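Below you'll find the structure, written out as structure tokens, and then a few comments.
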Amino acid sequence: MRNHLQTNLDGNTRLCMATAAVAHNQSFGFDAPGFTLEDYELSDRLILIGSNPVVAHPIIWDRIKHHNQNENQKLIVIDPRVSETAEHADHHYAIKGKSDLVLLYTVANLLIERDAVDKEFIKNSTNGYEEFKHFVKDFDLKRGTEVTGLSEDEILELVDLIATGKNVSIWFCMGVNQGYEAVRTAQAIINICLMTGNIGRPGTGQIQ
């Protein structure tokens, strides 16, 4: 349409997932995450950010419902709204709008302070960790609560859920892809997966 009819329009890839593609390219050098739908069932910590699959992705929600039948597996929703998906979550964190990035940096900082990181994976499979560690130091618990509207207990609970999970996966959708500072938010999600070693194994990773 653009090339031959000279129309002014954007395709789905720009409106839908361009920010996620940029985040993946900058983090991994390619623009697609590696996962299968089976990872829903294999995660013991399934985190949804800016995603409401009950309405938007009902087939995926069927997989998540199957996942949530195991009492050791937790469904965690981060969303300002009490969405249809949030109503079914084990934990719902109703953050203020546009505060996703601060929450993720705060969580990363607290995971580092708790030493809940995979040092061997970081050494062998990542770069830039020390710079990131220094950067997120400014995002302490006080700042996190003030910006996100969550309580200290809620943020610490989220950190604990990630730190104690064996297979943590973080799934994000349009709430991130078309959100405030979307590329950086997606990269902050990726960084949490990388620093905790929750990537490249069944039931782990960041998926949009």
Side-chain angles (χ1 to χ4, degrees), residues 15-24 26-27 43 45-57 60-61 64 68 74-114 116 132-165 168-196 198 205-208:
L15 294 174
C16 180
M17 296 167 58
T19 52
V22 172
H24 280 88
Q26 292 182 353
S27 294
S43 296
R45 301 289 187 269
L46 183 62
I47 303 174
L48 304 178
I49 302 181
S51 177
N52 186 19
V54 170
V55 172
H57 302 100
I60 287 178
W61 177 245
I64 293 175
N68 211 30
K74 301 298 181 184
L75 175 62
I76 302 157
V77 172
I78 300 172
D79 196 314
R81 307 165 303 150
V82 184
S83 67
E84 292 83 354
T85 304
E87 290 177 347
H88 293 276
D90 298 299
H91 303 274
H92 173 218
Y93 300 102
I95 60 174
K96 293 179 181 177
K98 298 184 178 181
S99 67
D100 309 62
L101 193 54
V102 171
L103 175 63
L104 293 165
Y105 286 156
T106 301
V107 168
N109 182 39
L110 293 172
L111 286 167
I112 292 168
E113 289 182 352
R114 182 171 169 167
F132 181 72
K133 178 180 177 180
H134 177 75
F135 171 74
V136 296
K137 277 186 177 181
D138 290 336
F139 295 84
D140 59 13
L141 188 57
K142 182 176 184 294
R143 182 176 180 180
T145 58
E146 289 175 350
V147 175
T148 66
L150 299 179
S151 67
E152 290 188 0
D153 287 343
E154 286 177 308
I155 293 178
L156 291 172
E157 179 184 58
L158 175 59
V159 171
D160 185 65
L161 285 166
I162 295 172
T164 59
V168 180
S169 62
I170 306 178
W171 305 72
F172 61 94
C173 199
M174 293 303 104
V176 169
N177 292 343
Q178 298 183 29
Y180 179 67
E181 295 191 87
V183 172
R184 296 295 169 252
T185 302
Q187 288 177 324
I189 293 169
I190 291 168
N191 287 339
I192 287 176
C193 293
L194 289 170
M195 61 190 277
T196 58
N198 280 296
Q206 81 308 316
I207 300 94
Q208 94 293 341

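FYI, side chains are in, hydrogens and waters are out, and symmetry mates aren't considered; it's all heavy atoms of this structure. Quick caveat: nothing in here was measured; it's all calculated off a predicted structure. Nothing fancy with the numbering, it's 1 onward along the sequence.
Nearest approach of Val176 to Ala182, heavy atoms of both residues: O-CB, 3.0 Å. Nearest heavy atom pair, residue Asp79 against residue Gly50, reads OD2-CA, 4.4 Å. When all heavy atoms of Thr106 and Asp140 are compared, the closest pair comes out as CG2-O, 3.7 Å. Residues Ile190 and Ala23 approach most closely at CD1-O, 4.1 Å, considering heavy atoms. Smallest separation of non-hydrogen atoms from Thr196 and Ala116: CG2-O, 3.6 Å. Closest non-hydrogen pair, Pro80 versus Ala94, comes out as O-CB, 4.0 Å.
The shortest side-chain heavy-atom distance between Ile76 and Asp90 does not fall under the 4.5 Å cut-off. Residues Val102 and Phe139 have side chains in contact (heavy-atom distance under 4.5 Å, counting atoms from C-beta outward). Between Leu103 and Leu158, the closest side-chain pair of non-hydrogen atoms falls below 4.5 Å. Considering only heavy atoms from C-beta on, Arg184 comes within 4.5 Å of Gln26 through its side chain.
A donor-acceptor pair is defined here as one N or O able to donate and one able to accept, closer than 3.5 Å; such a pair exists between the side chain of Asn198 and the backbone of Val168. In this structure, the side chain of Thr85 engages the main chain of Val54 through a donor-acceptor pair within 3.5 Å. Checked by atom type and distance alone, the side chain of Asn109 never pairs as donor or acceptor with a backbone atom of Tyr105 at under 3.5 Å. At least one donor-acceptor pair closer than 3.5 Å links the side chain of Ser151 to the backbone N or O of Glu154. Of the possible donor and acceptor atoms, none in the side chain of Ser51 sits under 3.5 Å from a partner among the backbone N and O of Leu48. With His92 contributing its side chain and Arg81 its backbone, the two residues share a donor-acceptor pair below 3.5 Å.
Within 6.0 Å of NE2 on His91 lie more than 12 heavy atoms contributed by other residues, nucleotides or ligands.
If you take CG on Leu194 and CD on Gln187, they are separated by 10.5 Å, rounding to the nearest 0.5 Å. For the atom pair NZ of Lys96 and CG of Leu150, the computed distance is 9.5 Å after rounding to the nearest 0.5 Å. Of the inter-residue distances, the one linking Ile78 atom CD1 with Ile47 atom CD1 reads 6.0 Å to the nearest 0.5 angstrom. Within the model, atoms CD of Glu87 and CG of Asn52 stand 9.0 Å from one another, a figure rounded to the nearest 0.5 Å. Remark: Thr185 OG1 to Leu101 CG distance equals 4.5 Å, nearest 0.5 Å. In this structure, NE2 in His88 is found 9.0 Å from OG in Ser83, a value given to the nearest 0.5 Å.
Not a single side-chain hydrogen bond (donor to acceptor under 3.5 Å, both in side chains) links Arg143 to another residue, sequence neighbours left out.
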(message) Between Asp160 and Arg114, is the side chain to side chain contact (heavy atoms under 4.5 Å, CB included) condition met? List the steps.
(response) CA-CA 9 Å; Asp160 185 65; Arg114 182 171 169 167; 2.9 Å; yes

(message) Determine whether Trp61 and Glu84 satisfy the following criterion, side chain to side chain contact (heavy atoms under 4.5 Å, CB included), listing intermediate values before the conclusion.
(response) CA-CA 11 Å; Trp61 177 245; Glu84 292 83 354; over 6 Å; no

